[in-house]
Amino acid sequence: MWRDPEPKPQYDVIIIGGGGHGLATAYYLAKEHGITNVAVIEKGWIGGGNVGRNTTIVRSNYMFPANTHFYEKSMKLWEGLEQDFNFNAMVSQRGVINLFHSDPQRDAFARRGNAMRLAGVDAEFLTPEQLKEMVPILDFENARFPIQGGLLQRRGGTVRHDAVAWGYARGADSRGVDILQNCEVKDIVVEGGAAVAVETSRGTIRGKKIAMAVAGHTSQVAKMAGIELPIESHVLQAFVSEGIKPLLDTVVTFGAGHFYISQSDKGGLVFGGDLDGYNSYAQRGNLPMMEHVMAGGMAIMPAIGRVRLLRHWGGVMDMSFDGSPFICKTGIDCLYLNGGWCYGGFKATPASGWCFAHTIAKDAPHKLNEAFTIERFRQGRMIDEKGVGPSPWIQ
Amino acid sequence: MHRIDCPWCGIRDEAEFQYQGDATKVRPAPDASQDAFFDYVYKRDNPKGWHTEWWHHVGGCRQWVKVVRNTLTHEIHATGAPAEKLSLPRKKKRGSK
């Protein structure tokens, strides 16, 4: 699907991180900006990081303008992605439903739905009767969290995550991008206020521009260039059940806790919940949060109580201090930052790559990502969708 | 499962605690510069290895506990009262940096 080239001594752009975002960035650099002398350097293998560790959900149901427009760009790119890179990514617009369980939550969701529609994003308000037709399996009469309705984004859904990495990798490679696997960055060389090279496990590689797309480990890589960021790394667990007959043909999220579920084409229920809630690079979580996630599932879908768990795993998240990402310049010339994706990075993959490619090519952000700066915290321009403040473990 | 040795209650399960973040950050004086407050509120070392952090024993004695824990292995090296100075392990262990 892609070559396994030896590193060249110099590239126009070096992208650190061969995950979904790094590969998408390389793809759009080549396709939209004609910049093809590009290396993507990956310490492991393509598709082995968070692009293969998420719950595959895509949506653009945000309220704040910076997020709404950015994620809607991503949704539009998802809609045309398979035609664009000529690869089957199993984009399935099966809808994403956020359930609500109280009057204030209904009002908050109505507000978000209205904000989405004003921005040109689809949103529909569902009554319990409409919900019963779409998802009869839900426990509508739950004593503690009765389901009063839902906010539906019909264009949301799921995408085969691995295929996204493969499609972007193949598309970038065929345009001349070198994908260098098993190539770990050890240091970023800064001379005269500008990033000029990376030291890697496969030697020194010089780059006219160097871009970081290593969410989960952004603090570690940025530290190599002397940058300290408003990011903490946290572990988020996800789960897949044994395969069962078709039960759920949409994505459902629980509004009174944090639980989201869909059913894969193989029949497995794919679900997740909150962060474990402590700094971790471990890629594995602990039992209290597993129990909490299962409790969330049982609260809305008691029928799944006897389904057996097949697999569970953890991924390391860049948790930013307002829950929103970074796609920006860094204060060091020729060094660019893409990170802070919290646990929403997968759905952002196309727009993240598209905007990051623009930022690198033009040395200036696109309008869609101009708010995703590091300076926003100092300037009081946080994009705190949840309104929880600077506590990354509850963002 | 983390098992945290609360100085007041003894070893208790992680589920009794609420994590409260980096314990190396010290609140600047009220008249300190905006930069100092920016660093205090937002900047984090986020180490891959030993991390000194707060855990609030909210489901127990409600005291704040200072914990030295490894973010790669989840090993706990030491716990203490908030005023205690806890040192990191001397010898570099696997995963520390």
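In what follows, chains are A, B, ... by sequence order, proteins preceding strands, each numbered from 1.
- Residues of residues 388-395 of chain A having a heavy atom under 4.5 Å from any heavy atom of chain B, listed by number: A:Pro390, A:Trp393.
- Taking the ring centroids of B:His77 and B:Trp50, they lie under the 6.0 Å cut-off.
- Chain B forms more heavy-atom pairs under 4.5 Å with one residue of A:Ser280, A:Gly285, A:Ser219, A:Ser320 than with any other, namely A:Ser280.
- Of the two parts of A:Ile231, the backbone and the side chain both hold a non-hydrogen atom closer than 4.5 Å to a non-hydrogen atom of chain B.
- Both the backbone and the side chain of B:Gln20 have a heavy atom closer than 4.5 Å to some heavy atom of chain A.
- Heavy-atom pairs under 4.5 Å with chain A were tallied for B:Lys43, B:Gln18, B:Glu53; the largest tally goes to B:Lys43.
- Other residues, nucleotides and ligands place more than 12 heavy atoms under 6.0 Å from the CH2 atom of B:Trp8.
- With a 4.5 Å cut-off on non-hydrogen atoms, A:Met319 does not touch chain B at all.
- Heavy atoms of B:Asp45 lying under 4.5 Å from chain A belong to its backbone as well as its side chain.
- Heavy-atom distances place no part of A:His292 under 4.5 Å from chain B, backbone and side chain included.
- Taking the six-membered ring for Trp and thresholds of 30 and 60 degrees, A:Phe356 and A:Tyr336 have ring planes more than 60 degrees apart, a perpendicular arrangement.
- Between B:Tyr42 and A:Phe321, the angle of the ring planes goes over 60°, which puts this pair in the perpendicular group of the 30/60° scheme.
- Side-chain atoms of A:Thr373 and A:Phe326, non-hydrogen and from C-beta on, never get closer than 4.5 Å to each other.
- Taking the six-membered ring where the residue is Trp, the centroids of B:His2 and A:Tyr278 are separated by under 6.0 Å.
- Ring orientation note: the planes of B:Tyr19 and B:His51 are tilted relative to one another, at an angle of 30° to 60°.
- Counting only residues at least two apart or in different chains, salt bridge (charged side-chain N to carboxylate O under 4.0 Å, His left out) contacts with residues 369-382 of chain A comprise A:Asp322-A:Arg376, A:Lys367-A:Glu370, A:Arg378-B:Asp35.
- Side-chain contact between A:Thr330 and A:Met212: present, with at least one pair of heavy atoms (C-beta onward) separated by less than 4.5 Å.
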